[in-house]
Every structure is written in structure tokens, then in C-alpha cells.
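Read the structure below first, then the notes.
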Amino acid sequence: MVMYQKSEALCLRLIDFSESSQIARLFTREYGILPVIAKGIKRGRQTSANPLGGPLDMLARGQAVFVAGRGGADLATLSGWQVSDHWPLMRNDLRRYYAGALVAEVTMELLAALDPHPSLFDDLVVTLQMFGDAAASGSARVVAAYLKAALQETGYWPVLEHCVLCGGVINSDIVRFVPQAGGVICGNCRASGIAMAVPSLVVVALSRLPRPGAMKNSVPQRPADPQALNLALQILLSHLEGTLDRVIKTRALLGVVCGCGPAISSALEPPAAWTNLKGGFARSVVGGAGEPLHAPREDPA
Ligand SMILES: [Zn+2]
């Protein structure tokens, strides 16, 4: 007997397979990343006799019905797909769409197939909702919040509050961040791998960045500094690439996502903006207001 399974899902990768079929990687709430084949999905409109209907779309959200592959290794077969959210604004704005492509790739790189992460799924839904909402936070800030949530969820969030090797407090304006060591290191410690010189203001801003859900509920009063966001995202992606030993291809889209021109070719070469740091720089990354950011502190929440 064929056993049908059902889950809310987001489509994160899509390739055409034959004239009428598609192969996709869905991020399902109940089962995690699920590779599926959708046979005949491009043939026509959705009817009761043809529950697959039209083709799958990148970054669409829907209800998936599928039959699991044998032994867990094969592709699952998609037998129904009901779209619930399509976020047209995100599709018609290159910056927002690139932001969506970036969070999709990071999610697929971080998660293994069939390993459920329902809270990260919810974070990604909120993230895409904000990309599709004209009144929401800027896309780059939302990308940073989602990357943080994804790295925390998978246990890869770097140590930023103190030296990752000796635990010592770091009191300097420029901090050495070593992706391969998993965080920042103090002046007395040595680590193998390439060190990035990062303004401590940016490190503090990253450690205070809220989850996407919290960001959705409190839109910041002023726009973020594109250069600061670009730098913060470069740091997170360098860390991710160093940790996974893989290249994040959509990193090339960062310049467009942040609204500051083409992407920096290598995050290991400090951009000119690093030498022009201003007091409100880090606050503009997290979008908060109030006291100046000098030293990390515990979030009262
Ligand atoms: Zn140390």
C-alpha cells in the first residue's frame, strides 16, 4: 500500500527534469530537507484529477503531499502541491529575490536531508514574508538575522563575546576573527587559519542581532548602513564557508542585496569602509537605538 505523507514546505532548489517533470529540494516543516521528483507537474492546470497542477516555483510555500523514497535514500515522489504563499513583491524586486536565493542556499548547505528543524523552518517563513512585505525591515538586515538563526540552530554560531581559545575578554577596537577557530581570538592566542580584522562594533552588533520573528514585530526607525550590513554578512558567510569548507555561490549577490554595488571579491581583504567607522555604525546593523555600543552585554530578554 502506498503511504502518503504531508507537510508544509518551502521550495529551495529547482531543476527541470524531462519535458514535463521537475526535481526539487523542499524544506519541509516536519521532515527537514526533502529531495523530491514531481512527475508531470508541468503538464497543466491544477484540477482534482491533477493535484500537482502547474510547475513548482522557487521560494514558494505550500502544502506538499509525497511518497517517501525507498530506504530513505531515493527521491521522494511529490503527489500533491498546494501553493499557499508566493510573495509577488519578492519576485519583482531583484534585491529581495537575491536575498531569498541567499537564505535558500545557506539553509541547504547547513541542513542534512531528512533532519527536521521546525523552528528554523518558521524563521525562514518569517524571513520570506518580510522579503515580500514593502513595509518590513530592509532585506539585508533580515538576511543577517536569518543567517544568525540558522547558524545557532545548527550549532555553528561563532563565539563573539570573548576569546574562543582562552575565554579572555577582548578590549580592542579591531578584533581578529578566525572562521576555522570558530570565533574571535585575543592578542595572546594563536590559531591556524586566516584571521579577519573586524571592527569590534560589528562583532557586538552581530551578537545582539535578534531572530527574524523579533525583527518582524519591531521595524527599526531608520534604515541600516549598507556598508555595515555588507561587512557583517561577509563575516558570517566567511565563517560558514570556513566551517563547512564549501563555497556559498550566492555570496556573489551580496553587493546587490545590501544595496552597495557589486560584491567584495574577497572578505579577507578589508573593504575601504572599515577605515571610516563611525559611532552609530554598529547600531545600524541591529537597528536598535539607545546607549552606545562599547562592550558586549547579556541580553536582558
Ligand atoms: Zn585568547
Side-chain angles (χ1 to χ4, degrees), residues 1-88 90-91 96-129 131-132 146 150 153-154 240 244 246-253:
M1 193 178 77
V2 178
M3 198 172 123
Y4 292 98
Q5 290 167 290
K6 198 168 152 182
S7 181
E8 195 186 344
L10 294 160
C11 181
L12 300 190
R13 182 178 288 160
L14 203 52
I15 51 171
D16 285 334
F17 182 75
S18 81
E19 284 285 299
S20 60
S21 303
Q22 290 176 304
I23 287 177
R25 278 182 98 75
L26 302 181
F27 182 18
T28 65
R29 194 172 193 285
E30 277 80 12
Y31 305 94
I33 298 290
L34 180 75
V36 296
I37 180 162
K39 294 175 187 163
I41 195 167
K42 293 193 284 181
R43 274 197 201 115
R45 283 190 310 117
Q46 194 164 45
T47 63
S48 55
N50 178 21
L52 279 175
L56 287 165
D57 236 343
M58 265 293 285
L59 301 174
R61 176 192 188 188
Q63 194 72 33
V65 180
F66 61 94
V67 179
R70 283 184 192 166
D74 299 334
L75 286 174
T77 302
L78 193 68
S79 53
W81 175 248
Q82 187 74 49
V83 177
S84 58
D85 284 299
H86 198 250
W87 299 300
M90 176 178 68
R91 274 160 222 289
R96 291 167 184 268
Y97 191 73
Y98 279 1
L102 210 161
V103 295
E105 184 183 4
V106 166
T107 305
M108 286 185 293
E109 290 294 348
L110 277 170
L111 302 185
L114 302 178
D115 178 18
H117 286 272
S119 68
L120 189 63
F121 178 89
D122 295 340
D123 282 325
L124 186 51
V125 168
V126 169
T127 297
L128 295 174
Q129 281 170 343
F131 293 162
Y146 179 76
E153 173 83 17
T154 50
L240 185 59
L244 300 177
R246 281 202 287 273
V247 172
I248 303 295
K249 296 188 202 84
T250 48
R251 184 175 182 161
L253 309 176

Working to the nearest 0.5 angstrom, can you tell me the gap between [X] [atom1] and [Y] [atom2]?
{"X": "Asp123", "Y": "Tyr146", "atom1": "CG", "atom2": "OH", "value": "7.0 Å"}
{"X": "Gln22", "Y": "Lys39", "atom1": "CD", "atom2": "NZ", "value": "14.5 Å"}
{"X": "Leu240", "Y": "Arg251", "atom1": "CG", "atom2": "CZ", "value": "9.5 Å"}
{"X": "Arg25", "Y": "Met108", "atom1": "CZ", "atom2": "CE", "value": "7.0 Å"}
{"X": "Ser79", "Y": "Ile37", "atom1": "OG", "atom2": "CD1", "value": "13.0 Å"}
{"X": "Leu111", "Y": "Leu12", "atom1": "CG", "atom2": "CG", "value": "9.0 Å"}

Shortest non-hydrogen contact between [X] and [Y], atoms and distance:
{"X": "Val125", "Y": "Trp87", "result": "O-CZ2, 4.3 Å"}
{"X": "Leu78", "Y": "Phe66", "result": "CA-CB, 4.1 Å"}
{"X": "Ala101", "Y": "Thr250", "result": "O-CG2, 3.8 Å"}
{"X": "Leu56", "Y": "Ala24", "result": "CD1-CB, 3.8 Å"}
{"X": "Leu26", "Y": "Ala64", "result": "CD1-CB, 4.1 Å"}
{"X": "Lys42", "Y": "Ser18", "result": "NZ-O, 3.8 Å"}

Pair listing, salt bridge (Lys or Arg N to Asp or Glu O under 4.0 Å) test, anchored in residues 101-118, at least two apart: Glu109-Arg246
Would Arg61 and Glu8 count as a salt bridge (charged side-chain N to carboxylate O under 4.0 Å, His left out) if you check the C-alpha gap in whole Å, the side-chain angles of each, and the deciding distance to 0.1 Å? CA-CA 7 Å; Arg61 176 192 188 188; Glu8 195 186 344; 2.6 Å; yes
Taking the side chain as C-beta and beyond, is there a heavy-atom pair between [X] and [Y] under 4.5 Å?
{"X": "Asp122", "Y": "Arg29", "result": "yes"}
{"X": "Leu59", "Y": "Tyr97", "result": "yes"}
{"X": "Leu10", "Y": "Thr107", "result": "no"}
{"X": "Thr28", "Y": "Phe121", "result": "no"}
{"X": "Leu110", "Y": "Leu120", "result": "no"}

Is it the case that the side chain of Arg96 and the backbone of Phe131 share a donor-acceptor pair, with hydrogens and angles ignored and the cut-off at 3.5 Å?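 Between the backbone of Phe131 and the side chain of Arg96 there is a qualifying donor-acceptor contact (under 3.5 Å).
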Chi angles and distances behind the side chain to side chain contact (heavy atoms under 4.5 Å, CB included) call for Ile15, Phe17: CA-CA 6 Å; Ile15 51 171; Phe17 182 75; 5.8 Å; no
Steps toward side chain to side chain contact (heavy atoms under 4.5 Å, CB included) verdict (Leu75, Ile23): CA-CA 9 Å; Leu75 286 174; Ile23 287 177; 4.0 Å; yes
By side-chain hydrogen bond (donor to acceptor under 3.5 Å, both in side chains), Glu30 pairs with (sequence neighbours left out) Ser7
What do you reckon, is CZ of Arg91 surrounded by more than 12 foreign heavy atoms closer than 6.0 Å? yes
